[in-house]
Amino acid sequence: MAREQPVFLTDDVVARFLRYDELIPRLEEVLGKFSLSDSTEVVQPVRFVVPINKHNGYLGLMPAYITHEDTLCTKMVAFYRREGNFTLPSAQATVLLFNPEYGNVKAVMDGSDITHKRTAAVSAISAKLLMPAQSDILCILGCGQQAVSHYEILTQLFSFKEVNNSKVRVCSRRLETAERFAVNVKGPVKIFSSAEEAVRGADLIITVTNSNEPVLFGEWVKPGAHVAAVGACRPDWRELDDVLMRDAVIYVDSKEGAAVESGDIILSGAEVFAELGEVLNGTRPALRNKTTVFKSLGMGIQDAVAAKLVFDKWKSSQ
Ligand SMILES: NC(=O)C1=CN([C@@H]2O[C@H](COP(=O)(O)OP(=O)(O)OC[C@H]3O[C@@H](n4cnc5c(N)ncnc54)[C@H](O)[C@@H]3O)[C@@H](O)[C@H]2O)C=CC1
Ligand SMILES: O=C(O)C1=NCCCC1
């Protein structure tokens, strides 16, 4: 039998088929299974990272196999720490979806939309479980690609109050990035030039910066608030200071990943309380009344469920 050639799904096709309402339950299911102590269902090594020193970047390889869906997948993502007017986004991702029985590639997909949506969706799951029951104010630090997807899903799922003519506070290192963000998103934002002013009083704080030093300080954070910290994905990078890491209850996506990749965890010496998946599968509690941090690093299984969803929907549309 002749082998079928892989299909290439461009970013706009992926974006058309990837919907948050279908993605979120699949992420919840796979994260829950990943965090079961005897899980053999979900196989995912810690990301393998190759430094690209000459260009201040990294290439991350993110394979995963999910038995219950029979999904074999890997994402390759190159990411860069740089500021200024580069023509391309600071992360470039490609996803390969395999036929698990024979190992041939079924689909090659642009991984940008998958990366933006699955990361924001996982932060939204953390917010659903861990932010205060009455959460009025959302603050986003960083105004790049991830800030846009986080704004989209968080304002869709939760109703933040109109405070000073704005539901969402944002602050970025450069004012022009924040202004571009405000034009791009569909909805009101209030731009702050001081991160401290943006953060004080917020119930839900998202850090989506490419900083390698703290941008969020425990002293500014309202007791009981929830922080989803998405940047600082290298062992020597920080977004959060030691005070916040010491005082908050810390959740992560993967304990194994956090111990190797998260500068906020490694350098602060903070203890991890639980994986988000343990809350989802009922083995650890969601301490919503405390100040909580969800340290997100990104996982291959998140890309795998998203890629399978896209491929199945694309296939049935043919
Ligand atoms: N946890 C996860 O699953 C994932 C994490 N990431 C990480 O999330 C971060 C954001 O990703 P993108 O939005 O794609 O990057 P981006 O390069 O599009 O945006 C980064 C933003 O951070 C801002 N920034 C830098 N330093 C700042 C500071 N001190 N205060 C306020 N803003 C500051 C920049 O001005 C820029 O607006 C990156 O670190 C990336 O590596 C990306 C994908 C998945
Ligand atoms: O999970 C991902 O995808 C990424 N994580 C950290 C760095 C950029 C991409």
Side-chain angles (χ1 to χ4, degrees), residues 31 34-35 37 39 42 44-53 56-64 75 77-83 90-91 115 118-119 122-123 125-126 130 141-142 144 146 150 173 195 199 205-221 225-279 283-284 287 290-303:
L31 288 171
F34 173 83
S35 295
S37 56
S39 178
V42 175
Q44 186 213 255
V46 173
R47 175 167 43 213
F48 186 78
V49 179
V50 178
I52 319 167
N53 292 335
N56 210 8
Y58 300 87
L59 177 67
L61 306 179
M62 306 176 67
K75 184 167 83 176
V77 56
F79 56 102
Y80 299 83
R81 254 210 85 242
R82 51 197 183 192
E83 191 66 35
S90 59
T115 303
R118 64 75 152 142
T119 309
V122 172
S123 297
I125 295 168
S126 89
L130 296 169
L141 298 183
Q146 286 291 335
H150 278 74
R173 189 158 47 187
V199 164
I205 304 157
I206 310 291
T207 58
V208 273
T209 75
N210 54 11
S211 182
N212 59 0
E213 51 191 42
V215 297
L216 179 61
F217 294 82
E219 197 199 328
W220 306 345
V221 175
H226 176 57
V227 177
V230 172
C233 300
R234 297 294 301 146
D236 55 349
W237 293 2
R238 301 292 298 264
E239 273 193 315
L240 315 180
D241 80 336
D242 281 352
V243 174
L244 180 57
M245 292 305 289
R246 183 196 62 210
D247 292 351
V249 181
I250 311 292
Y251 295 81
V252 294
D253 44 16
S254 152
K255 287 180 188 159
E256 214 187 349
V260 176
E261 291 196 318
S262 168
D264 286 324
I265 303 236
I266 297 164
L267 301 175
S268 68
E271 205 180 303
V272 173
F273 177 73
E275 289 179 349
L276 200 59
E278 292 178 290
V279 179
T283 55
R284 296 292 274 165
L287 302 180
K290 309 253 188 198
T291 305
T292 50
V293 165
F294 166 56
K295 176 58 223 153
S296 161
L297 289 161
M299 300 169 77
I301 52 170
Q302 299 165 359
D303 300 308

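Given the structure is predicted, the values throughout are model-derived calculations rather than measurements.
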Exercise: identify the closest heavy-atom pair between A232 and K295: O-NZ, 3.8 Å
Partner residues of Y80 under the side chain to side chain contact (heavy atoms under 4.5 Å, CB included) criterion, sequence neighbours left out: I52, H55, A78, R82
Closest approach of V243 to E219 (non-hydrogen atoms, all atoms of both residues): CG1-N, 4.4 Å
Distance (rounded to the nearest 0.5 Å) between L130 CG and L287 CG: 8.0 Å
Reported OG1-to-CG distance for the pair T207 and L244, which is rounded to 0.5 angstrom: 9.0 Å
Value rounded to 0.5 Å, distance of NZ in K75 from CE in M62: 5.0 Å
Selection residues 256-276 - residue pairs positive for side-chain hydrogen bond (donor to acceptor under 3.5 Å, both in side chains), sequence neighbours left out: S35-E275, R47-E261, R238-D264
Heavy-atom pair of closest approach, residues V77 and A91: CG2-CB, 4.4 Å
Value rounded to 0.5 Å, distance of CG in D241 from CG in L216: 7.0 Å
F273: ring-ring contact (aromatic ring centres under 6.0 Å, His included) partners, not counting sequence neighbours: Y251
Any donor-acceptor pair under 3.5 Å from N56 side chain to R81 backbone: yes
N210 side chain near R173 side chain, heavy-atom distance below 4.5 Å: yes
Pairwise side-chain contact, T291 with D247, heavy-atom cut-off 4.5 Å (strictly under): no
By side chain to side chain contact (heavy atoms under 4.5 Å, CB included) - contacts of Q44 (at least two apart): F34, A64, M299, I301
E239 side chain to G231 backbone, donor-acceptor under 3.5 Å: yes
For S254, all residues meeting side chain to side chain donor-acceptor pair (under 3.5 Å), sequence neighbours excluded: none
Pairs touching residues 228-247 that satisfy ring-ring contact (aromatic ring centres under 6.0 Å, His included), sequence neighbours left out: Y58-W237
CA sep, side-chain torsions, deciding dist, call: D253, L276, side-chain contact (heavy atoms from CB on, under 4.5 Å): CA-CA 6 Å; D253 44 16; L276 200 59; 5.6 Å; no
Atom of D236, atom of L267 and distance for their closest heavy-atom approach: CA-CD1, 4.1 Å
Side-chain heavy atoms of V122 within contact of F294, under 4.5 Å: yes
For the student: nearest non-hydrogen atoms of V230 and H150, plus distance: CG2-NE2, 3.6 Å
Minimum-distance pair of heavy atoms, taken over all atoms of T115 and Q146: O-NE2, 3.5 Å
Enclosure of K255 NZ (heavy-atom neighbours >12, cutoff 6.0 Å): yes
